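Heavy-atom basis, side chains included; hydrogens, waters and symmetry copies ignored. Only a predicted model underlies this, so the values are computations on that prediction, with no experimental measurement involved.
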Amino acid sequence: MMPNVLKPSKVFDNVLDSLAWCLTNRKFIFSKIVSKKHYFFSSSFLSFSTSPLSKLSAIQMLDNVTKCIAFLQSCADHKNLNKGKQFHSLMITYGFSLSPPSITSLINMYSKCGQMGEAILVFYDPCHERNVFAYNAIISGFVANGLASKGFQFYEKMRLEGVMPDKYTFPCVVRTCCEVKEVKKIHGCSLKMGLELDVFVGSALVNTYLKNGSMEDAQKVFGELPMRDVVLWNAMINGYAKIGCLDEALEVFRRMHVEGIAPGRFTITGILSIFASRGDLDNGKTVHGIVVKMGYDSGVAVSNALIDMYGKCKHIGDALIIFEMINEKDIFSWNSIISVHEQCGDHHGTLRLFDKMLGSGILPDLVTITTVLPACSHLAALMRGREIHGYMIINGFGKDDENGAIDDLHVSNAVMDMYAKCGSMNNALKIFDSMSNKDVASWNIMIMGYGMHGYALEALDMFSRMCEAEFKPDEVTLVGVLSACNHAGFVSQGRLFFAQMESTFGVIPTIEHYTCVIDMLGRAGHLEDAYEVAQKMPIQANPVVWRALLGACRLHGNAELAEVAARQVLQLEPEHCGSYVLMSNVYGVIGRYEEVLEVRKTMKEQNVKKTPGCSWIELKDGMHVFRTGDRTHSELNALTNQLCDIGFLLDEVLNLY
DNA sequence: GTAGGGTTAG
């Protein structure tokens, strides 16, 4: 029988696409068509799925409800809305749209294609009664399309209409719960109906209990289930992993292994995410070995999880190899490899890959945007950032009102941060003011941004507005406030904030706060005070603190204290060039040139190389980078001439005074 | 005819 179907008719010979489709869906063809002996149907079905609809093929297709259902299932599986819609209208024309199974399949097809509006229209069609199948299909559609509360509404409606839920209903309804007590209510209903021991209901319960933080309830359900399949084990493992109970997750994995259940692809991705968040390369590699052995390396989701694991373990090269090997890269693949670059600090790489992604025809989503924007922030690449913001506006990213204001908090924060870090505080403020919801991070971004660009008054004003709005400042807020005071030279105010940190704001100072204060005091010339803070602080001073003090000593020409600080830095971080440079500059400022040479000599002996200073500017044609002593820029002469002109101009202006 | 578990960002 089978060879006939695989090599049957003209359809396969003439339409290559049909053949490809047939091969990838062999299982479907065998189970749904061969077993039902619809040989004739198989060929007309394939021609229908690839060519425009003809009246003849429609009549051939529509002589049987089973065929209609099979076709709609296929449209649902392939998310082929056009064919599904065409077929729906044919079903209406030829009177095949009213049988209950057809209704269920139509709702299912529209749900799977993300068209809940159409699904509801079918559901509410007055010509038929709404049975449990139709309810299950519409509830599952809402849940799958991220409209959980709507799904729950339909469950309530179902109960009101007296339609009894069944074992298909509960797994979907459970997923709409956002609190343990809601889960318990549904769990109770399933108990009453004697469905609590169903493994589908059980795994949904385990998943939702864990998601809402009730490990006891999840364990109880898991323990009582008479039959445990791989999906249930995965629900336990991934549920624990998601809430950060990594040890528990691994323990369940171990038990699964002991009980002889083989891990599936879903198990593997979950386990990989655990080793990724731990940065555990050894175990991650072991899992990679298992992946290859089991032949799971052909699956895109497993590859994506491997990319993430290698990336989080800082093995960017291995992540790239896996990425390149994926034949059909999906949005997860791109987002993963982009985030790997961003996490490793390769911001140029992040933007390069983003361009490549756009070129490959995959459209970015909110995750892509929130990964790429920080790269623009780090590089102060305002134009790229604006482009991305523009792209978001045009494509309606994260917005949900007619004014186009972004409604996703994290995304608005990311856009705002990009503008703030790139120095465009006006635009950052526009976003900030347009936000209907703000969190501490939103305020922090504005405070930091103002402080960073020297607008200390605006930063402090933001801070007081934040307190008035009853947001509780956190560590980041106070770093922002202190650094604003630092850059503006508001020493007494800075001291006051620092003194009040614990008592008024409930924030225990970290090394960053101490560094800020020491830097602030030092810059203002209060060198002894700065040194005192560094000595008395309860945390051990790090090289950053000592370098701040060293910098202050250079500024104010205090060689004695500079030597103390330098000794500390050199002890903690002998290979860092900055301290040597600072020290030699200190000697330079106070005219002790022999010591300058001495420090330079030590640097040479210790083989310490100075990292060249680097600055860059982004223009229409791309990024222009300049390093100290670098003469490679293509328009160097023009630039030098321009600089000379500016120099002359300045001299003339100065001469006027 | 309709169900449960996964990978990316902050």
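Taking every heavy atom of residues 123-147 of chain A and every atom of DNA chain B, pairs under 4.0 Å involve A:N131, A:F133, A:N136, A:S140, by number.
Remark: A:R228 pairs with A:F222, A:L232, A:W233, A:R255, A:E259 by the side-chain contact (heavy atoms from CB on, under 4.5 Å) rule, at least two apart or across chains.
In this structure, A:Y168 forms an aromatic stack with the base of B:dT2, since both conditions hold: centre separation below 5.5 Å and plane angle below 30°.
The side chain of A:P101 approaches B:dG1 more closely than any other nucleotide in the set B:dT7, B:dG1, B:dG5. Checked against B:dG4, B:dA9, B:dG5, the side chain of A:Q343 finds its nearest nucleotide in B:dA9. Side chain of A:K242, nearest nucleotide from B:dG5, B:dG1, B:dG6: B:dG6. Of the listed nucleotides (B:dG5, B:dT7, B:dG1), B:dT7 has the atom at the smallest distance from the side chain of A:F332. Considering only the side chain of A:R175, B:dG4 comes nearest among B:dG1, B:dG4, B:dT8. Relative to the side chain of A:Q73, the nucleotides B:dG4, B:dT7, B:dT2 differ in distance, and B:dT2 lies closest.
Partner of A:I139 under the side chain to side chain contact (heavy atoms under 4.5 Å, CB included) criterion, chosen from A:Q153, A:M158, A:K150: A:M158.
Here A:V199 lies in heavy-atom contact (under 4.0 Å) with a base. Counting any heavy atom pair closer than 4.0 Å across all strands shown, A:P100 reaches a base atom. Residue contacts for A:A301: at a heavy-atom cut-off of 4.0 Å it reaches a base atom on one of the strands shown.
Side-chain polar atoms of A:N413 and A:N444 form no donor-acceptor pair below 3.5 angstrom.
Ring centroids of A:W334 and A:F354 are separated by 6.0 Å or more, keeping the two rings apart.
Judged by distance alone with a 3.5 Å cut-off, a donor-acceptor contact links the side chain of A:D229 to the base of B:dG4. In this model, a side-chain donor or acceptor of A:S203 finds a partner on the base of B:dG4 within 3.5 Å. Residue A:T371 places no side-chain atom within donor-acceptor reach of the base of B:dA9, judged by atom type and a 3.5 Å distance cut-off alone. Between the side chain of A:T104 and the base of B:dG1 there is at least one donor-acceptor pair of N/O atoms closer than 3.5 Å.
A:R384 and A:E387 are joined by a salt bridge, as a carboxylate oxygen and a charged side-chain nitrogen come within less than 4.0 angstrom of each other. Classification of A:D247 and A:R278 as a salt-bridged pair holds, one side-chain N sitting under 4.0 Å from a carboxylate O.
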